[in-house]
Each structure stands twice: as structure tokens, then as C-alpha cells.
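One structure is given here, and the rest of the page talks about it.
Along the sequence shown, the residues carry numbers beginning at 1.
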Amino acid sequence: MGKGGMSHGETKDGSEVNMAAWLLGINNLKIQPFELPPLGPYDVRVQMKAVGICGSDVHYLKTMRCADFVVEEPMVIGHECAGIIQEVGSEVKTLVAGDRVALEPGISCWRCNQCKEGRYNLCPEMKFFATPPVHGSLANQVVHPADLCFKLPDNVSLEEGAMCEPLSVGVHACRRANIGPGTNVLILGAGPIGLVTMLAARAFGAPRIVIMDVDDYRLSVAKKLGADDIVKVSTDMKDVAQEVEQIQKAVRAGVEVSFDCAGFNKTMSTALSATRSGGKVCLVGMGHNEMTLPLTPAAAREVDVIGIFRYKNTWPLCLEFLRSGKIDVKPLITHRFGFSQKEVEEAFETSARGSTAIKVMFNL
């Protein structure tokens, strides 16, 4: 599964050199040549136009690992992407050169039990952009299966197409938690994933959404994007009981579903305590690998705990939400950079600093 780029020079025969952003070590990203693989009969070659930076990309840059995934050799980074079809394989019937597409970054095996049961996101053989040892998509061009490239509606931009990847996390979480018009929602964490989960929950019909965070700026963004109420919280476990009271007053009718989009001891403890009896807590974020939680009291109230991992079959719905205007992801894109060595470094540092950066986007 090779990825690569164009435009940074020529080979001896006059053809352009493929270039990509390689992660070589901690805080070490370099734009270097990367050879594209042969185009298979069911593949397409895509010129990348928009690539977003995800928190996992920053984790890899800063620590060379994310959760249990460890970078052990140089890897092309990036997985939130959209571009323009340049070439199609001999058996591709649904796409043509010039089509604008959003790319779903994971290639599953379609042979294992998880794939056969329709839960291909849990495929143990998944090849996912920029998850070691698979190369990513921050490159001028990539080769990818045609069935994982989704044509953009005319009124959806390439940047919005790239945003389908993080939005898919929120859509998948809402499906897992059965969000609907009768579901009052609490979201813990107003980072990019918390915000797209909020937008997805609203699109699924949630009548009241409250979002909590430690950061005033991100809470203000959540309010502008449509949160019914916001709750400023601390990082101190001693404050959980008091903050749960605040949350329950803000939600008014009881929290049916909580989405923990941070994944820390405190956020998960708060979610379990704030969710009404018989409700659900959906763990979306992966901040802590291990937690100490008040599970027994939650179990006594029959609070269900569900997890999500990536997404499945979400791109068509994401694109319909964007096309129809039910979801607007454009305000989430706060910073834009080009594809030069200096700009790649600046973009990742901007994303890592957080502050006013929500989604940092490359325009290639």
C-alpha cells in the first residue's frame, strides 16, 4: 500500500518525483521522495488536495506511538484526506479522472469473521493510513482502492471532504449509542472529536446537547456551533460530584447518553455519574490506557458502557449531511498550510500547541 506525491522534481526520464511527508523520528518530519505502487485494476491514483492533522498524527510525531501502535521505521503520516482522481484502474467503473473524492483510509481484508459480520472496522488485518507499518496520505499523490473513494457532491469542498474522516468518528459513535430525537446528550471534551460528535448528535436529532471542557476557548467554539449549554470543569477528581450537579442542571431532563471524547479517569468517572439510570456511556477518546472507575454504582443503575473504534460505512451519510447543510464543518478548520518543509513543521507545531487551533489543514 504505497503512497507518494508529485511536483518536487523530476526523474532522469522526465517524469515527476513522488513526494510525501515522512516521520523519521521524534519531532522529525521530512518531505522526501516516495515511489507510488503500480495501479491495480480496482485502484485509483488520487492527487491529494486537502489533508487534515489528527491528534494521532501529533502523538506519533511527539512520541512515535499512539496507544498500542508503535512507529518502528520511517512512515508517511496523515489520514484525513480528499483529492482529485488522476487515473483509474482497468476495472474501475464508478469513477473517472477529474472526479473529486474523499478517501476512507482503512483497507480491511473482507475475509475474517469481523468483516463477514459487517464490522470491518474491527478487522485484525486492517491496513490504515499512517498506522504503523502502513504509510499515510500526506503526499502529493496516493494510490487507493476505488471503493474507498467517495465522490463529493458539487457543493461540498475538498476540505470538507477531508473532514469526513473525523466526522465519521462522531457519526459512528452516534450510531453505536442510538442517538435520536428523544436523546439528551452530554459530551465530555470540546476538542475536534468532541465537536464533530456534537454536530453529529444534532444531525441525528438529539434535542439537547451539553458539552463540558476545561478550556474556555473551546467551550466558546462549542457554543457557537450549537451546544445548548456549556460547563467549565477542572482537572481535579475532587470536583466530580459538584460538576455532575452542574451538568444535570444544564441538561435539565437527564442525560440519556454521554460521549467521553477525552478518555481520562476524570471524564469517564464524570460520565458514569452524570448519566441517568438505564442510560449509556460511549467511550470515544483514548487518553488513558487504564482507568480506575466507579463501575459498581453505574452497574447498579444499569448504565451501559460501549466503545467505538474508528467507523464503518459512514462516508455516504457524512457526505449527505454536508451536502444538505445538516452539518457544517467549515468553522472547525482554523489553520491552513501549504506542503513545504517549513509549513509542514509549522502546521504540526500549531496543532500540537492546541490553543485556538481546532483543525489544521494542508492545502496541497
Side-chain angles (χ1 to χ4, degrees), residues 3-8 18-21 29 31 34 36 44-58 61 76-87 95 97-106 128-130 135-146 148-171 192-193 195-196 199 311 314-316 318-323 325 327-348 350-351 357-364:
K3 314 294 173 293
M6 308 284 282
S7 83
H8 282 67
N18 301 311
M19 306 296 289
L29 276 173
I31 295 180
F34 184 39
L36 284 171
V44 292
R45 181 166 53 84
V46 186
Q47 182 180 0
M48 289 289 94
K49 288 294 185 181
V51 180
I53 297 178
C54 174
S56 65
D57 296 322
V58 175
L61 176 63
V76 177
I77 206 160
H79 61 269
E80 304 176 359
C81 53
I84 300 174
I85 301 289
Q86 298 297 299
E87 184 182 4
L95 296 168
D99 283 343
R100 301 176 315 125
V101 293
L103 284 67
E104 181 172 352
F128 193 94
F129 279 159
H135 293 299
S137 60
L138 184 48
N140 291 114
Q141 295 203 9
V142 303
V143 167
H144 205 52
L148 295 174
C149 296
F150 298 85
K151 190 172 178 179
L152 300 182
D154 290 341
N155 65 335
V156 174
S157 71
L158 286 154
E159 286 190 338
E160 291 172 280
M163 288 294 292
C164 282
E165 199 281 337
L167 180 58
S168 285
V169 175
V171 166
I193 293 300
L195 294 174
V196 293
L199 294 174
Y311 32 68
T314 51
W315 260 253
C318 288
L319 289 171
E320 175 55 24
F321 280 153
L322 296 174
R323 184 204 65 78
I327 290 180
D328 182 7
V329 294
K330 294 188 293 294
L332 297 179
I333 305 170
T334 54
H335 294 74
R336 294 173 172 84
F337 292 86
F339 189 52
S340 68
Q341 180 65 42
K342 180 180 178 182
E343 287 178 290
V344 166
E345 293 172 0
E346 289 179 353
F348 272 88
T350 299
S351 185
I358 302 296
K359 179 57 62 178
V360 176
M361 186 74 65
F362 289 104
N363 295 133
L364 286 78

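The minimum heavy-atom distance linking Leu319 with Cys164 is given by the pair CD2-SG, 3.5 Å. Considering all non-hydrogen atoms of both residues, Leu158 and Gly83 come closest at CD2-O, 3.5 Å. Nearest heavy atoms, Ala50 versus Ala162: O-CB, 3.7 Å. Closest heavy-atom contact between Ala21 and Phe339: N-CZ, 3.9 Å.
Arg45 contributes no side-chain N or O that, together with a main-chain N or O of Leu36, makes up a donor-acceptor pair within less than 3.5 Å. With hydrogens and angles disregarded, no donor-acceptor distance shorter than 3.5 Å links the side chain of His335 to the backbone of Phe362. A donor-acceptor pair under 3.5 Å links the side-chain atoms of Lys359 to the main chain of Ile53, judged by distance alone. Between the His135 side chain and the Val76 main chain, a donor and an acceptor come within less than 3.5 Å of each other. With hydrogens and angles ignored, the 3.5 Å screen pairs no side-chain donor or acceptor of Ser351 with any backbone N or O of Ala347. A donor-acceptor pair under 3.5 Å is absent between the side-chain atoms of Gln86 and the main chain of Val46, judged by distance alone. Looking at Arg323, its side chain never comes within 3.5 Å of a backbone N or O of Leu152 through a donor-acceptor pair. Checked by atom type and distance alone, the side chain of Gln341 pairs as donor or acceptor with a backbone atom of Leu29 at under 3.5 Å.
There is a side-chain donor-acceptor pair under 3.5 Å between Tyr311 and Glu165.
Salt-bridge check for Lys330 with Glu160: passed, with a basic side-chain N closer than 4.0 Å to an acidic carboxylate O. Using a 4.0 Å cut-off between charged nitrogen and carboxylate oxygen, Glu159 and Arg336 count as a salt-bridge pair.
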Side chain to side chain contact (heavy atoms under 4.5 Å, CB included) evaluation trace for Ser137 with Leu103 = CA-CA 10 Å; Ser137 60; Leu103 284 67; 5.7 Å; no

May I have the step-by-step check of side chain to side chain contact (heavy atoms under 4.5 Å, CB included) for Phe348 and Leu61, ending in yes or no?
-> CA-CA 8 Å; Phe348 272 88; Leu61 176 63; 3.6 Å; yes

Kindly determine whether Glu345 and Glu343 satisfy side chain to side chain contact (heavy atoms under 4.5 Å, CB included), including the steps that lead there.
-> CA-CA 5 Å; Glu345 293 172 0; Glu343 287 178 290; over 6 Å; no

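Note: Ile327 CD1 to Leu322 CG = 6.5 Å, rounded to the nearest 0.5 Å. Considering CZ of Arg100 and SG of Cys149, their distance stands at 14.0 Å, rounded to 0.5 Å.
Counting non-hydrogen atoms of other residues, nucleotides and ligands closer than 6.0 Å to CG of Asp154 gives a total of 12 or fewer.
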